[in-house]
Protein chains: 2
Amino acid sequence: MRLSSRSEYAVRAMVELAASHGAGPISIREVASREGIPEKYLEQLFRKLRKAGLVHGARGSGGGYMLTREPHTISVADVVRAVDGPIAVCDCTSENRDGVQCHKRSLCAAHPVWDKLQKGIVSILDSTTLGDLAGTSAGSDPAD
Amino acid sequence: MRLSSRSEYAVRAMVELAASHGAGPISIREVASREGIPEKYLEQLFRKLRKAGLVHGARGSGGGYMLTREPHTISVADVVRAVDGPIAVCDCTSENRDGVQCHKRSLCAAHPVWDKLQKGIVSILDSTTLGDLAGTSAGSDPAD
DNA sequence: ATCAAATCAGACTAATTTGGTATGATTTCA
DNA sequence: TGAAATCATACCAAATTAGTCTGATTTGAT
């Protein structure tokens, strides 16, 4: 039930782009140094985000990345899926399963929780957008 | 966001025990064959479950494992924590973090989603019991 | 007493995933 | 032309995962 560093990094990086949306491309170097993410690793992530159509890459001097859509139309789930693939609590609840079911035949007794969990996770990630996060700035969270 | 096979197996095994609760100990061999789980692997898991106080192990011939509490008082979260440790979406939302925060200092912009996600996951796993899944008794809502 | 069935315990291992690095090519602006 | 940037792929070490192996100990039944 852990988030990969890919997803963590990617979401943070995307929130950076969201916060500066409309102000031209931002370079990997810039984002990496602001967020404390290894540059070359972030480069990989941005390539995946680009292939998923979430960002546009501007090459050459003065280049960088920009969101392709408005921040409030890109969900955290979009970003997570782009870098980590389909969200899947287990095979039988995966978003990309090919008719895979518990025990290959019938549903196991535990299936209802996994299903509920899967839906709960997707629902939260789907309903939170980069716009939400970019607007809710760091340090403003009263909890914890 | 994937469940480990440890958790999957452990929950399924515990539901087996729950379904036969009160009918004496059930052996690993029995559970393993019913659920299609490697025996020796399941043995490890049951040892963790015992150390967590969720089951009692009866040694010797005719032995096996039994739940130490009523099925509807053992949550799926209890089982998951027993075999996989504290539930943690990321370090800064982990159930056992030692004051660890995003960037070691302030909260990152993404923190609100991770926090929401963590709470959502724990809430679902906490509120579903082995009794619910086994279908035995004491009427909580059947998931899904 | 002996034997078989079972838990107990820990070390070991193969494969996969994770979290990166390294190298170099290509594009673009100045 | 040169620097700044993305693009692309290959490589790698460490950790994790999902087991297996070996053997000890306990207990019930013959």
Side-chain angles (χ1 to χ4, degrees), chain A residues 1-13 17 24-68 80 82-86 88-91 94, chain B residues 1-13 17 24-68 80 82-86 88-91 94:
Chain A
M1 286 292 89
R2 243 194 122 70
L3 214 68
S4 68
S5 78
R6 275 188 300 278
S7 287
E8 264 194 81
Y9 286 167
V11 171
R12 273 164 49 203
L17 295 199
I26 306 179
S27 71
I28 288 173
R29 171 163 310 222
E30 181 77 26
V31 174
S33 90
R34 280 195 213 162
E35 292 288 333
I37 300 169
E39 257 184 66
K40 281 305 202 177
Y41 194 42
L42 186 55
E43 204 177 307
Q44 283 185 5
L45 301 181
F46 266 123
R47 259 193 337 261
K48 287 190 173 192
L49 293 166
R50 179 175 55 79
K51 281 174 182 167
L54 300 179
V55 298
H56 169 73
R59 306 176 67 166
S61 183
Y65 287 96
M66 306 162 52
L67 299 184
T68 53
V80 169
V83 298
D84 270 327
V89 159
C90 58
D91 289 328
S94 172
Chain B
M1 286 294 90
R2 241 192 124 70
L3 215 67
S4 69
S5 78
R6 274 187 301 279
S7 286
E8 263 194 82
Y9 287 166
V11 170
R12 271 164 49 203
L17 296 199
I26 305 178
S27 71
I28 288 172
R29 172 164 309 222
E30 181 75 28
V31 175
S33 90
R34 280 195 214 162
E35 291 288 334
I37 300 170
E39 257 183 65
K40 281 306 203 177
Y41 194 41
L42 186 55
E43 206 177 306
Q44 284 185 5
L45 300 181
F46 267 123
R47 255 177 1 243
K48 287 189 173 193
L49 292 166
R50 179 175 55 77
K51 282 175 181 165
L54 299 179
V55 297
H56 169 73
R59 306 176 67 166
S61 182
Y65 287 96
M66 307 162 51
L67 299 184
T68 54
V80 170
V83 298
D84 269 329
V89 160
C90 59
D91 290 327
S94 173

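Distance, A:L45 CG to D:dT9 C1': 15 Å, rounded to whole Å. Regarding B:R2, its CZ atom lies at a distance of 13 Å from the C1' atom of C:dT16, rounded to whole Å. A straight line from CE of B:M66 to C1' of C:dA6 spans 15 Å, rounded to a whole angstrom. Between the P atom of C:dG10 and the NZ atom of B:K48 lies a distance of 12 Å, rounded to the nearest Å. Rounded to whole Å, the distance from CD on B:E43 to P on C:dA5 is 15 Å. Summarising the geometry, the separation between CD on A:E8 and P on C:dG19 is reported as 9 Å, rounded to the nearest angstrom. Atom NZ of A:K40 and atom P of D:dA8 are 13 Å apart (whole Å). Protein atom CG of A:L42 is 12 Å distant from nucleotide atom P of D:dC7, rounded to whole Å.
Within residues 28-38 of chain A, the residues that have a heavy atom under 4.0 Å from DNA chain C are, in order of number, A:P38. The stretch residues 51-61 of chain B comes close to DNA chain D through B:R59, B:G60, B:S61, each having a heavy atom under 4.0 Å from the strand.
When side chains are defined from C-beta on, A:L3 counts as touching B:M1, because their heavy atoms get closer than 4.5 Å. Looking at heavy atoms from C-beta onward, B:Q44 lies in side-chain contact with B:Y41 at the 4.5 angstrom threshold. Proximity of A:Y65 to A:I26: side-chain heavy atoms (C-beta onward) are nowhere separated by under 4.5 Å.
Taking 4.0 angstrom as the limit, B:Y9 places a side-chain polar atom (N or O) nearer than this to OP1 or OP2 of D:dG19. Dashed line: the shortest gap from a side-chain N or O of A:R50 to OP1 or OP2 of D:dA8 is under 4.0 Å. Residue A:Y65 places no side-chain N or O under 4.0 Å from the OP1 or OP2 atom of D:dA5.
The distance from atom OG of B:S5 to atom CG of B:L45, rounded to the nearest 0.5 Å, is 7.5 Å. Taking OG1 of A:T68 as the reference point, atom CG of A:L54 lies at 6.0 Å (rounded to 0.5 Å). Interatomic distance, CG of A:L17 versus CG of A:L67, reported as 5.0 Å (0.5 Å rounding).
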With a cut-off of 3.5 Å and sequence neighbours excluded, list every side-chain donor-acceptor pair involving residues 6-13 of chain A.
from: A:R6; atom 1: NE; to: A:D84; atom 2: OD1; distance (Å): 2.6
from: A:R6; atom 1: NH2; to: A:D84; atom 2: OD1; distance (Å): 2.9
from: A:S7; atom 1: OG; to: A:D84; atom 2: OD2; distance (Å): 2.5
from: A:R12; atom 1: NE; to: A:E35; atom 2: OE1; distance (Å): 2.8
from: A:R12; atom 1: NH2; to: A:E35; atom 2: O; distance (Å): 2.4
from: A:R12; atom 1: NH2; to: A:E35; atom 2: OE1; distance (Å): 3.4
from: A:R12; atom 1: NH2; to: B:H103; atom 2: NE2; distance (Å): 2.9

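For the pair B:G63 and B:P25, the tightest heavy-atom approach, listed with the atom from each and the gap, is C-CB, 4.0 Å. Contact between B:F46 and B:V55 at its shortest, heavy atoms only, is O-CG2, 4.0 Å.
Crowding of B:R34 atom CZ: a count of heavy atoms from other residues, nucleotides or ligands under 6.0 Å exceeding 12.
Nucleotides of DNA chain C nearest to B:S27 and B:Q44 differ in position, and the one nearer the 5' end is that of B:S27. DNA chain D is contacted by both A:G64 and A:R47; A:G64 maps to the nucleotide lying nearer its 5′ end (nearest heavy atom per residue).
In this structure, B:F46 reaches neither bases nor backbone, as no heavy-atom distance under 4.0 Å exists between it and the strands shown.
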What pairs of nitrogen or oxygen atoms, one from the protein and one from nucleotides 15-17 of chain D, lie under 3.5 Å apart?
from: D:dT17; atom 1: OP2; to: B:R6; atom 2: NH2; distance (Å): 3.0

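Screening residues 47-64 of chain B for side chain to side chain donor-acceptor pair (under 3.5 Å), with sequence neighbours left out, gives no hits.
B:A88 meets the side chain to side chain contact (heavy atoms under 4.5 Å, CB included) test with A:R2, B:S94; sequence neighbours excluded.
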